[in-house]
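Chain identifiers are assigned alphabetically (A, B, ...) following the order of the sequence lines, protein sequences preceding nucleic acid strands; residue numbering begins at 1 within each chain.
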There are 2 protein chains.
Amino acid sequence: MNKPLILVVEDDKAIRNLITTTLETQGYLYHTAATGEASILEAVSSRPDVIILDLGLPDMDGVDIIRKVRSWSNTPIVVVSARSEDKDKIDALDAGADDYLTKPFSVDELLARLRVSLRRVRYDSGKLRRDSPVFVNGGLKIDYAAGSVRLDGKEIHLTPIEYKLLCLLAKNVGKVLTHNFILREIWGSYSSDLSALRVFMATLRKKIEKDPSRPRYIQTHIGVGYRMLRVGDDSAGN
Amino acid sequence: MNKPLILVVEDDKAIRNLITTTLETQGYLYHTAATGEASILEAVSSRPDVIILDLGLPDMDGVDIIRKVRSWSNTPIVVVSARSEDKDKIDALDAGADDYLTKPFSVDELLARLRVSLRRVRYDSGKLRRDSPVFVNGGLKIDYAAGSVRLDGKEIHLTPIEYKLLCLLAKNVGKVLTHNFILREIWGSYSSDLSALRVFMATLRKKIEKDPSRPRYIQTHIGVGYRMLRVGDDSAGN
DNA sequence: CCGCTCCATTAAGATTTCATTAAGACATGG
DNA sequence: CCATGTCTTAATGAAATCTTAATGGAGCGG
């Protein structure tokens, strides 16, 4: 996962710096805003993972900001406020805030509560893209998340290099990949032999082609390289 | 949506009554538990929408309860505790709690924070939620609540690391987990050796595989990592 | 037809990665 | 303090994988 992006909305420069420097040491990215107006713009444009929001902004009521953000986004909002009255907390939480800290607050606690919110973001976003990315071509199926390959329903075992090779071809179905390109992608630019690639192609074909002499998936382009063909679904795949 | 079910875990009868009567007036359903043991059982059997948890239980460390519940469930946990030290809060939140209130607390604030959690439950439950206190795969059965593992009906003993390892694999059945991923998840990112992992894999296999040379559950992907296979139910499980 | 290049395939070494064992360090509870 | 169980580390042999080299076939121009 990439570094989370935190939007810090706080008009007091000292506190803002305290928060941002702390975030920096923890490896978070951050944007800042000092007014309600700016915070809304930032929330829209930079789509932060979490918003830390000071309620005491000069130009806008904090609860209104929460409501405004909530009208289009579920981004977690952690409120930081000088007001410790029950009513303030309840209003903010019911408006859509996810947490409420009163100043003066402990930086460590803020970080912990931030982690809680981030946990939820990560968890939710994992659910949204629940179906693992899969490549299907005829009877060939690559499950990238599982790292497995199926041919006509049966799982086949590939060595790491064979797997990388197949993925590379699959990512460029229909395109001819030159020898040099493949060698660079798989072995990383140095030290490699065409013959090595040929050997791996042979073993790979032996595994995924029923009749290696008349390949269905991987085609040789003499003097240039290889290419994976897009093949019509002829056999009971999946 | 039906009335939400809240599990109230609190050993002090007065506070418990305070909470439950409040919940009642708000139209919530509730169950109660006064010990850690009972709370786990309730969480498993009644599947509450939210758990309100007092950390100061007589029989079990509160953070352990959180961890145990989190091992199989994402039910929001709102902690209510007499301890107000930063460290206590952070430990609880990082263990998986969603919120932390210190006694004495305002009932209205508790209700507001409860609504925050419920809002999320309602939002989340649209997506498929896999909250099962047991994991079954062929003859292998993990009871997360009890922390026990059965193989073909017989209970087997696993050391803590072996158990975590098995749970990690079980949570990602069918997926290949890289060495680095496993090391990070089990040992927490620092200082660990592949060979250590291999040793634990060997001992784990010796315990759950009848024929360790031809593993049924845990497959090794050379140069990459390990993976648990989804295995058809072939032997009389349970 | 011959010689050349490019390719597929096979086989055999070299290297990496793995499983397993055993011994020592560490912690835990009595 | 001992006893037990658990974790770590190191060493060994085995297995899988990668590399390299050799052989033979197909296409092409001379």
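- Look at CG on A/Leu197: it is 13 Å from P on D/dC18, rounded to the nearest Å.
- Closest contact between the side chain of A/Leu194 and the listed nucleotides C/dT9, C/dA19, C/dC7 involves C/dC7.
- Residue A/Val199 places its side chain closer to D/dT19 than to any other of C/dC7, D/dT19, D/dT17.
- Position along DNA chain D of the nearest nucleotide to A/Ile222 versus B/Phe200 favours B/Phe200 as the more 5'-ward residue.
- The phosphate of C/dA19 has neither OP1 nor OP2 within less than 4.0 Å of any side-chain N or O from B/Lys206.
- Look at A/Trp187 and you'll find a side-chain N or O under 4.0 angstrom from OP1 or OP2 of D/dT19.
- Between the P atom of D/dC7 and the CE atom of B/Met201 lies a distance of 14 Å, rounded to the nearest Å.
- Side-chain atoms of A/His157 lie closest to D/dT17 of the nucleotides C/dT10, D/dT6, D/dT17.
- C/dT16 atom P lies 13 Å from atom CD1 of A/Ile161, rounded to whole Å.
- Rounding to whole angstrom units, NZ of residue B/Lys164 and P of D/dC7 are separated by 10 Å.
- Listed pair A/Tyr226 / C/dA8 meets the phosphate criterion, a side-chain N or O lying under 4.0 Å from OP1 or OP2.
- Between B/His221 and A/His157, the angle of the ring planes goes over 60°, which puts this pair in the perpendicular group of the 30/60° scheme.
- For A/Asp193, the listed nucleotide lying nearest its side chain is D/dT20; candidates were C/dT20, C/dA8, D/dT20.
- The side chain of A/Ser195 contributes no N or O atom lying less than 4.0 Å from OP1 or OP2 of C/dC7.
- Side-chain N/O atoms of A/Arg198 include none lying less than 4.0 angstrom from OP1 or OP2 on C/dT9.
- With rounding to whole Å, B/Ile186 atom CD1 is found 15 Å from D/dT6 atom C1'.
- In this structure, the CG atom of B/Leu165 is 11 Å from the P atom of D/dC7, given to the nearest Å.
- Using a 4.0 Å heavy-atom cutoff across all strands shown, B/Thr203 reaches no nucleic acid atom at all.
- Rounded to whole Å, the distance from CG on B/Leu204 to P on D/dT6 is 14 Å.
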Can you list the steps and then say if A/Thr220 with A/Arg205 is a side-chain hydrogen bond (donor to acceptor under 3.5 Å, both in side chains)?
CA-CA 11 Å; A/Thr220 295; A/Arg205 274 181 173 148; 2.6 Å; yes
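- Residue A/Arg214 contributes atom CZ, which lies 17 Å from atom C1' of D/dA26 at whole-angstrom precision.
- For the pair B/Thr220 and A/Val224, both in contact range of DNA chain C, the more 5′-proximal nearest nucleotide belongs to A/Val224.
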Worked verdict on B/Asp143 versus B/Arg150 for salt bridge (Lys or Arg N to Asp or Glu O under 4.0 Å):
CA-CA 8 Å; B/Asp143 185 335; B/Arg150 288 167 185 277; over 6 Å; no
Any chance you could lay out the salt bridge (Lys or Arg N to Asp or Glu O under 4.0 Å) test for A/Asp152 and A/Lys210, step after step, and finish with the verdict?
CA-CA 11 Å; A/Asp152 298 330; A/Lys210 286 170 182 166; 3.2 Å; yes
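- Partner of A/Arg115 under the salt bridge (charged side-chain N to carboxylate O under 4.0 Å, His left out) criterion, out of B/Asp94, B/Asp91, B/Asp98: B/Asp94 alone.
- Rounding to the nearest 0.5 Å gives a distance of 9.5 Å between CD of B/Glu37 and CD1 of B/Ile65.
- Candidate nucleotides D/dT20, D/dT6, C/dA19 were compared by shortest atom distance to the side chain of B/Pro160, and D/dT6 ranks first.
- Where B/Leu158 and A/Glu162 each meet DNA chain D at their nearest nucleotide, the meeting point lying more 5' is that of B/Leu158.
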